Structure formats: structure tokens, C-alpha cells
Amino acid sequence: MEPLIVFITLLGVIVLYFRYNPLGHSQGFMWRRFLNWFPLGMSYAFLYMARYNVNVAKNALGDKMSIASFGTIFAAGTITYGLSFLINGPLVDQIGGKRGIILACFGAAMCNIAMGVAVWLLMNDQLTMDATLVLSMLYAGNMFFQSYGAVSIIKNKAYWFHVRERGIFGAIFGTLISVGIYFAFDWNGKIADAARVTPKDPGGLSYIFKNFLGTGTNGVDAVWLVFFIPSAILLLWLILNIILVKDTPSLAGHEDFDTHDASSGLMHVEHRKRDMLKAIFTNPVVMLVAFIEFTNGVVRNGIVQWYHVFANNVEQVGASYIKDHWGFLLCITGVIGGFSTGYISDKLFQSRRGPPVAMAAALCAVLSGIMFINILSWPLVVGVCAVAIGLLAVSIHGMMSGTAAADFGGRKMTATASGITDGFVYIGSGLQSFVLGQVIVKENPETWAYWPAFLIPFAILSVFLASRMWKSLPEATKRHLESQRAKA
């Protein structure tokens, strides 16, 4: 049932995309733009499958990977992801989104294959090096290439979507992230279960694994498949990106147009990498977005990363559905949240991104407090709050790195701006991953109270920072809105 609901949700997003056309683009343009963003977006969704598979592998590996080791591995990857944008943001601004997504898919696929080999060696007691060190290095490599994904999509989007359309694209971006989380947890979870010697839910997938891949014949769970299968899927989307994606409308046979972002009137100016980095780091609004994303990175990945581990270590009486369908619930609620904030931004606040973000962050703070109070006494309340925070945090990410960074960075520096802001997300994520990995003790369930308590101050800081950009709009957008009001 869940795959059907996700498919219908994706179909609904596509229908909404075609119905939302405030600038009156031709149907030919709308279709060609769809053929451009859909393969990019699905590639990004499957990059998530190849990113959070380490979370599923941790649960499948059991005692072979401790909570502290998992926290270290995830922190190594996320910090690498965050710092890599100093390199790949300016690079994608120069080489374009198409080449960037190709790098992301190919590099992440190769690193996941290497992680699969390492896990095979670990499961068969043939890994002679420290498992935490090996997987930390390989996961860091995976996340380096993963970081090309977001900046490539947003770079491409900047040429195809007007500022007045980007709130909805931010919702589409958030939807694709949500679908990717579904792939990462639920699909990878089904792969991990089917690869067990004795699956909890035996079915067609476990039959295929055993009869065609020979899994389980030596009495060892084939956990490595949660790395190999996403790799194969990424290579398939890589081919589709090569065939379908174009960096600008003119390369696809349509006219380029002024998107009225920060690059409006400055498209002829060429920037060196150093100049782009300087321009972004000295832009006060972009840096506000970056610090909001830092705080949101703590909250967002603090929930997405740890709830699955929490639910597998602390009995979830009355909340087993949330535990077993974590990815699906984050997917559906993320879509709802993404479109709600996108609509609120474009329709109620004239494409200002600060107001819906401030409201979403305030709710995150409240819900984190409720989780803290009920962490070991009411699993259902904790689970519902976790899902709701996931909804809100993905929405904030879509509005900030997915939309505001492109608005204020402009087409010429979109990848640099969105890369730096997205990098702050993962620096925040790395911070929470390392800290919580050290303070949570599997044998002492009461230490899980540190988890939501750690998130609360960062959510409150998000509210304060977002309120500082409540009225912010690029100058070109202001001029566009004034001309539209004058015509009316």
C-alpha cells in the first residue's frame, strides 16, 4: 500500500506543477522543464537512498556497530559534506548543474560499492582494519560526491524557474527529499530484512536474493546489499541525466528569460571562484540563511538520523507503526509541509522566505519540548512529534537552501550560495551526530532524554534568525513586484 501512496503523491506533485503557471509559460516549455527537473529530482531522491542506508545498516549490523561508532561514521560524512561546498559550489557554478549531477551519481555509486565490500568483509570476519575507521573514510567519500547533488539541482533550477515560481519549486525539492527519505529507510529496510538468513517478513524479494544471489547460504546476513542496490539505481539515473538534462532553456530549444533574482542585469559578469566565495560570505542575507540552516541541520538530522535508532533500542509500545514505516511517514508529511510553506511564501508573503521558516522553527521548538517530557513514558507522542518535526525541518530546508539561497545568490552564483548554506546544514548535522553519539548509552535508556533536549535551543535560535530576514527580498524581485502592482 505504501509504495502506491508514494506513487500517487508523486503523481499529484507533477499535476500541481503543471497547474501552477503564474508566468503563463507555454505547454511546450512546461513539458520540457518537467523532463529537466524530474530526472534531476529522482536522482537526488536516490542519492538519499545511498546516503541514509548507513542508518539502516547500523540496525542490521547489531553489535558489530555500536552507537558511538555510528555517530562517528555519520559525523565524518556530514562534516565532509558541509566543508566540500567550498570546492564544489563554485565548481558547479562554472561547469553547470548537468555535469554536477553526473559527478554526484557516479561518485556516490562507486563509494557505496566500496562500503558494500567493506561490510561484506566485516560480516564475514575478514576485515583486518578498524571497521569504524574504514567506514568513516568511505562514508566521507560518499558524502563528498553526494554534496554535488543539491547544488546541481538548484543551479539548474535557477535558469528554469522565476523567483515567483521558486516557492513551489522549493516544495517540489522538499518532496523529492521526502521521497528520498522513504527510499532510504523503508526500501533499504526491506532490502536489509530480505537479505537476512531468516527474514522477519519473507516474500518475493527474499526469494530473489536467496535463489539468484545466494544470500544466507553461509548463515550470514547480506547487509551489504543496502549499499550495492542503491549504487545500481544511481547508475541508471546517471544515464537518464546524460540524455535528458539541459543547463538552460536555450540548450533545450526554448528562450532564456530573466528570473528576477540577484543576478538580474548582471548575467554578463564573470566571477572567479575566490570572488564568488567572497561575495557569498559577505552577503548578510545569505549568511543568515546559512546560520538558519546550521541550526536546522541539528534539528532535522537530529530527528531523521536518531529516531530510527531510538525506536530500535527502546520498546515502542503503541508506536510500532511509526517505527516500521518511518521513511513513508516522513515522505508523506514532508510533501505536505513542503507545499504548505511554499504556498505560504509565494501567496501570503510575496515570495519572502523568512516568515514561514520562523513559524516552522517555533513549532519545532515546542514539539522537541514535548518529546523531552515524554521520551520514555509515551512512545506514541514521541513518534508523532518526531514525524511532525521531520515535516517542518524538511520544509525549512526546502525554503532556505532550496529557494532563498538561489534568490539571493542569483543564477551566476546559485551553486556557491546554495552549497555554502547546505554545507552549514551538515556541519550542524555532524555536530549533533558526534555529540549525541557520545552521550547516548544503549544500556541506559534514560540517556535518550539528552536527544530532544539538545535540539530545543537550536530550534529557538532558528526562530530568532528567521525573524531577522522577515522582510528580505532581492532588489530585482522588489522591482518586479512593484511593476506587477503598477500594471494591476
Side-chain angles (χ1 to χ4, degrees), residues 78-97 100 143-144 146-158 163 166 170 259 261-298 300-301 352-354 357-358 361 396-431 458 461-462 464-478:
T78 52
I79 292 172
T80 299
Y81 188 104
L83 295 176
S84 66
F85 287 115
L86 295 172
I87 300 170
N88 59 34
L91 179 61
V92 169
D93 270 324
Q94 293 182 335
I95 67 174
M143 293 296 277
F144 172 79
Q146 289 262 353
S147 64
Y148 281 96
V151 295
S152 298
I153 292 176
I154 297 166
K155 174 68 175 179
N156 190 276
K157 174 273 291 284
V163 166
R166 291 181 185 176
T259 60
D261 59 17
S263 289
S264 183
L266 301 172
M267 290 300 292
H268 61 286
V269 179
E270 295 298 327
H271 301 282
R272 295 177 299 173
K273 292 180 182 178
R274 183 176 62 185
D275 295 333
M276 287 190 282
L277 288 171
K278 181 180 178 181
I280 295 305
F281 277 112
T282 55
N283 185 314
V285 179
V286 174
M287 294 315 296
L288 262 180
V289 172
F291 285 115
I292 291 168
E293 281 289 58
F294 170 78
T295 58
N296 188 54
V298 173
R300 176 184 160 220
N301 278 313
R352 285 181 285 137
R353 316 307 180 190
V357 168
I396 292 171
H397 182 55
M399 277 290 96
M400 294 287 94
S401 288
T403 304
D407 293 348
F408 292 96
R411 282 159 288 171
K412 297 291 287 186
M413 294 187 288
T414 290
T416 304
S418 62
I420 288 170
T421 57
D422 204 23
F424 273 73
V425 174
Y426 283 89
I427 293 173
S429 178
L431 171 67
F458 290 95
L461 185 55
S462 286
F464 171 74
L465 293 170
S467 66
R468 297 292 302 273
M469 60 175 293
W470 190 275
K471 297 181 179 181
S472 298
L473 275 174
E475 290 302 319
T477 307
K478 292 178 182 177

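Residue numbers count from 1 along this sequence. Please read these numbers as outputs of a predicted model, since none were measured by experiment.
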Taking the side chain as every heavy atom from C-beta outward, state whether Leu431 and Phe458 have any atom pair closer than 4.5 Å. yes
Which atoms form the tightest heavy-atom contact between Ala361 and Ser462, and what is the distance? CB-CB, 3.5 Å
Please name the pair of heavy atoms, one in Ser467 and one in Ala358, separated by the smallest distance, quoted to 0.1 Å. N-CB, 4.3 Å
Which value, rounded to the nearest 0.5 Å, describes the distance between Thr421 atom OG1 and Ile154 atom CD1? 6.5 Å
To the nearest 0.5 Å, what is the distance between CG on Leu288 and CZ on Arg353? 15.5 Å
Excluding sequence neighbours, so at least two apart, what forms side chain to side chain donor-acceptor pair (under 3.5 Å) with Ser147? Ser84, Asn88
Check side-chain contact (heavy atoms from CB on, under 4.5 Å) between Ile79 and all other residues, then give those that pass, not counting sequence neighbours. Leu83
Should Phe291 and Leu461 count as side-chain neighbours, where that means a heavy-atom distance under 4.5 Å? no
Residues forming a side chain to side chain donor-acceptor pair (under 3.5 Å) with Asn301, sequence neighbours excluded: Tyr52, Ser429
So, do Met469 and Val357 sit near enough that their side-chain heavy atoms are less than 4.5 Å apart? no
Working to the nearest 0.5 angstrom, can you tell me the gap between Lys155 NZ and Asp93 CG? 4.0 Å
If we only count heavy atoms from C-beta on, is the Phe424 to Met287 side-chain gap below 4.5 Å? yes
Taking only residues two or more places apart in sequence, or in another chain, which ones meet Tyr81 in a ring pair (Phe, Tyr, Trp, His ring centres under 6.0 Å)? Phe85, Tyr426
Working to the nearest 0.5 angstrom, can you tell me the gap between Leu91 CG and Gln94 CD? 6.5 Å
Hey, are the side chains of Val425 and Asn296 touching, using non-hydrogen atoms and a 4.5 Å cut-off? no
